[in-house]
Every structure is written in structure tokens, then in C-alpha cells.
2 protein chains.
Amino acid sequence: MIDKDLKERIKEVAVEHFNSNGYHGTTIRNIAKDVNCSLPMIYYYYRNKKELFDEIIKKEFFNLIKRQASLLRMDNVIDFYTKFVYDLNFLSSYDKQVYRLGIKVYLSFDGDEELKGLMDEWEKTILPRHYQILKPYLKNVENEIAVVRTLVHLLETMIENIVVKNRYMPEKEIREELAIVLRDCE
Amino acid sequence: MIDKDLKERIKEVAVEHFNSNGYHGTTIRNIAKDVNCSLPMIYYYYRNKKELFDEIIKKEFFNLIKRQASLLRMDNVIDFYTKFVYDLNFLSSYDKQVYRLGIKVYLSFDGDEELKGLMDEWEKTILPRHYQILKPYLKNVENEIAVVRTLVHLLETMIENIVVKNRYMPEKEIREELAIVLRDCE
DNA sequence: ATATAATTCTAACGAACGTTAGATAAAAGG
DNA sequence: CCTTTTATCTAACGTTCGTTAGAATTATAT
């Protein structure tokens with residue numbers, strides 16, 4: 001068999017389907033067809049449809065954003081955030097789709113209450129984390145918290161642009177927008 | 001009959017269901033149950049499920065955002081945008097859900113290619129419109145276009161916060177964030 | 001009052017869904 | 001080589017879905 005691990009391939013195809021058609025619009029039969037395996041094979045590796053969806057969010061998505069968050073290093077704070085956003089353009093198609101699916105759940109457009117709860121937990125950590133990052137650079141800034149909040153909001157839209165709408169954002173545009181919000185930093 | 005127009009009530013319930021469960025997760029039977037009418041009545045007023053969904057986006061959503069866009073008057077540009085966003089907090093539950101559903105389609109999380117096309121058309125008008133609004137106030141601003149783009153991005157996140165995540169945003173927070181982006185205006 | 005049109009219903013059709021039973025084939029272990 | 005485990009399949013079950021046929025009821029108009 002030249003195939004990658006079948007379980008892995010099922011998950012990859014499932015990501016595509018959940019992304020394009022949502023949880024309810026995705027059928028196990030269609031996944032099986034695209035994976036080129038029989039329908040019960042999916043039940044061989046995953047207890048049911050919900051477990052398949054949950055594994056994508058719980059493992060793949062949260063791994064991805066933790067991986068992304070760990071990339072945060074900096075000297076110049078604008079350089080740093082620019083690179084952070086710009087690099088999203090070059091995520092693998094799989095990672096982008098996992099990210100997109102996660103945002104869909106984050107916005108309560110899919111998934112169940114349990115997954116939404118996990119998202120809310122994660123969300124609570126966002127602002128403090130960026131505040132920690134920015135703190136040393138916010139000396140001559142008036143309303144620190146507002147700047148951090150605005151930055152986070154701006155990041156959210158840019159991430160959505162690249163990952164959800166699947167648009168390429170040039171580095172110049174990213175830098176320009178970040179510079180407007182962070183102009184008094186450092 | 002004390003009821004509101006049945007056709008209207010069907011649409012209202014449909015908005016709730018499409019919002020909570022997505023297009024594929026919504027069933028005509030459940031809508032009928034909540035409307036308290038028999039299942040074929042829905043087919044009496046709407047050709048099929050898709051036409052019902054389409055009418056919500058094409059009529060309700062686009063009417064709503066045109067109504068919102070027409071509210072744009074101004075003296076102080078920050079006051080003006082602050083009010084624009086802040087008032088979203090007080091949209092009726094129905095309007096909020098229509099708005100939310102529209103954003104879901106806008107992000108390609110639901111709906112078909114045709115509806116997405118309409119969204120893309122609308123999206124193209126957003127930047128020029130705000131540029132027109134801001135132009136008189138952008139005299140002493142360096143990179144005009146970048147400011148307008150950043151503003152539009154920030155508006156997008158705040159709208160999403162209020163309408164999609166259904167969070168209340170206090171006027172103070174809205175004003176603070178807008179002031180950071182628009183601080184050199186006028 | 002009666003005929004016509006507008007609403008509403010019960011009942012069902014065929015298709016597609018999630019899921020499982022149970023058989024078969026392939027691989028691994030002794 | 002035989003046994004046991006792992007991987008895969010065909011076929012089906014019961015449910016629910018979108019949709020429609022066709023009858024019953026109500027309102028409107030003549």
C-alpha cells in the first residue's frame with residue numbers, strides 16, 4: 001500500500017467536507033467515496049461522525065493554534081506581529097482548513113456546546129497573552145488596554161481574511177494596519 | 001386569526017433555525033413544528049427549502065445592511081462611527097439573527113455560490129464608501145487608504161462581536177478603539 | 001345560496017442518512 | 001502451518017429527510 005495511514009487520510013478528507021458543507025451537510029458516505037474506502041472503514045477508526053468532528057477540533061485545531069502561538073518571539077513589535085500574520089498566508093492547505101473550521105466553531109457556526117466551551121476558554125487567554133507581550137513596549141501609550149484590545153481585534157480580522165476568506169494579504173498591508181494601531185509602541 | 005401573517009412567521013422561525021443549525025441542519029419539519037402549522041404549509045408559501053433560505057439572505061439581510069448603511073450621517077467622525085456600531089447592540093433579535101446569518105454566508109460558512117457572489121459584490125462597495133465618508137477628515141493623515149482599510153477591518157470585528165458572538169459592547173470600548181485608528185482625523 | 005378560490009390538512013413516496021451485522025481477506029505470531 | 005488479530009468489505013436496518021398528491025376546510029365573490 002502506497003497510501004498514507006488510512007485513519008489520517010480519513011481525517012484529512014473529513015476536514016475538507018466539514019469545511020465545505022458543515023457538520024450536517026457532511027455525510028460519511030461522501031467522505032468514504034473521496035477517501036476511496038468503504039463506508040464502514042470510517043466506523044472502524046472513529047466511533048461515529050461526532051467523534052470524527054470532535055477530534056479535528058480538539059486535537060488538530062488546538063494543536064495548530066498552540067503551535068502558532070508558540071512562534072511569538074520579538075525584537076521590534078510591529079515586525080513581529082507582521083510576520084506572525086503574514087506567515088498564515090503560507091500555511092498548508094490542511095492547516096488552513098483546520099484553522100477555518102476552528103473559527104467556524106469559535107463563532108458558533110458549527111459544533112456543539114462542548115466545543116464552544118473549549119473555544120471560550122481559549123478566548124479568555126488571548127487578551128492577557130498579548131498584553132504580556134506588548135507590556136514592555138507600552139510605556140508611552142495612554143490607554144494600554146484599549147491598544148491591546150484593538151490590536152487583538154485587528155489580528156482577528158486579518159486572520160479571518162487569510163484563513164476564512166482564503167485571501168492573500170501582502171506584507172505591506174499587514175504592516176501598515178498594525179503600524180496604525182501600534183504607532184506609539186517602543 | 002390573532003396570528004401575524006403566517007408566511008412572515010415561517011420566515012422568522014426559519015431564521016432562528018438556519019442560525020442555530022445551519023442550512024443542512026435545519027429541517028422543514030422542525031420549522032413547521034415551531035410555527036405550529038402543518039409541514040406542507042411551508043411549501044404553500046415557499047417553493048422549497050432553498051428558496052426560503054435565499055429569500056432571507058436576498059431580501060432580509062440585504063435590506064438590513066442597506067438600512068444600516070443609510071444611517072451614516074456625521075459631524076464628528078468618531079462620534080459617528082461609535083454610534084453606528086453601538087446601535088447594533090440594540091437591534092431586534094430578528095434583525096440580529098438575519099445579520100448573523102448574512103455574515104455566515106459572507107464567510108462562506110453557509111449558502112451557495114450564488115449568494116456568495118452577491119456578498120462579494122457588496123463587499124466591493126464597502127471600502128470606497130467609507131473612503132468617501134472619511135475623505136474630508138483625512139487631510140493630515142499620511143496613508144489614507146491604510147487608515148480606511150484598518151477602520152473597515154476594525155468595524156468588521158466589532159460587528160462580529162455584537163452580532164455573531166452576541167456580546168454587548170459598551171460605547172466606551174467602541175470609542176476607544178475607533179479613536180486609536182482615527183486619531184489623526186479632523 | 002352557490003360556485004370559485006385560497007388555505008390548511010393527513011398521508012405517503014422515494015431518497016439519503018448514520019449506523020451495524022456479519023462475512024471475507026490480509027497480516028502477524030507461535 | 002495453523003491460529004489469532006487486524007483490516008476491509010457487501011448488504012442491510014431503521015430513521016429522517018425534502019417533497020408531493022389529494023382531500024378537507026375556510027373565505028370570497030357572484
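Below, all heavy atoms of this structure are taken into account, side chains as well, without hydrogens, waters or symmetry copies. Note on naming: letters A, B, ... go to the chains in the order of the sequence lines (proteins, then strands), and numbering restarts at 1 for each one.
- Atom pair A:His24:NE2 and D:dG18:P shows a separation of 11 Å (rounding to whole Å applied).
- The closest side-chain donor-acceptor pair between A:Tyr94 and A:Glu16, if any, does not fall under 3.5 angstrom.
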Check: For every nucleotide of nucleotides 11-16 of chain D, 5' to 3': is a protein heavy atom under 4.0 Å from its base (B), only from its sugar-phosphate (S), or from neither (-)?
Finding: -B----

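- If you check the side chains of A:Tyr131 and A:Glu144, you find a donor sitting under 3.5 Å from an acceptor.
- Side-chain atoms of B:His17 and B:Asn30 form no donor-acceptor pair, as typed in the model, at a separation below 3.5 Å.
- Contacts of A:Phe18 classified as ring-ring contact (aromatic ring centres under 6.0 Å, His included), with partners at least two apart in sequence or in another chain: A:Tyr23, A:Phe53.
- Sorted by first and then second residue, the side chain to side chain donor-acceptor pair (under 3.5 Å) pairs involving residues 37-47 of chain A (not counting sequence neighbours) are A:Arg47-A:Glu51.
- For the pair B:Leu182/B:Tyr81, a side-chain contact is recorded, criterion being any heavy-atom separation below 4.5 Å from C-beta on.
- B:His17 has its NE2 atom 16 Å from the C1' atom of D:dG18, to the nearest Å.
- For B:Arg9 and C:dT8, the CZ to C1' distance is 13 Å, given to the nearest whole Å.
- Rounded to whole Å, atom P of D:dT10 lies 17 Å from atom OH of A:Tyr43.
- Within residues 47-60 of chain B, no residue has any heavy atom closer than 4.0 Å to DNA chain C.
- Of the candidate nucleotides D:dT10, D:dT19, C:dT7, D:dT10 has the atom nearest to the side chain of A:Ser38.
- The salt bridge (Lys or Arg N to Asp or Glu O under 4.0 Å) analysis of residues 88-97 of chain A, with sequence neighbours excluded, yields the pairs A:Arg67-A:Asp95.
- We find that CE of A:Met41 is positioned 18 Å from P of C:dT24, with the value rounded to whole Å.
- Among the atoms of the strands shown, only primed sugar atoms or phosphate atoms (P, OP1, OP2) are found under 4.0 Å from some heavy atom of A:Tyr45.
- Sorted by first and then second residue, the salt bridge (Lys or Arg N to Asp or Glu O under 4.0 Å) pairs involving residues 98-107 of chain A (not counting sequence neighbours) are A:Lys104-A:Asp110.
- Residue B:Tyr44 has no polar side-chain atom (N or O) positioned under 4.0 Å from OP1 or OP2 of C:dT8.
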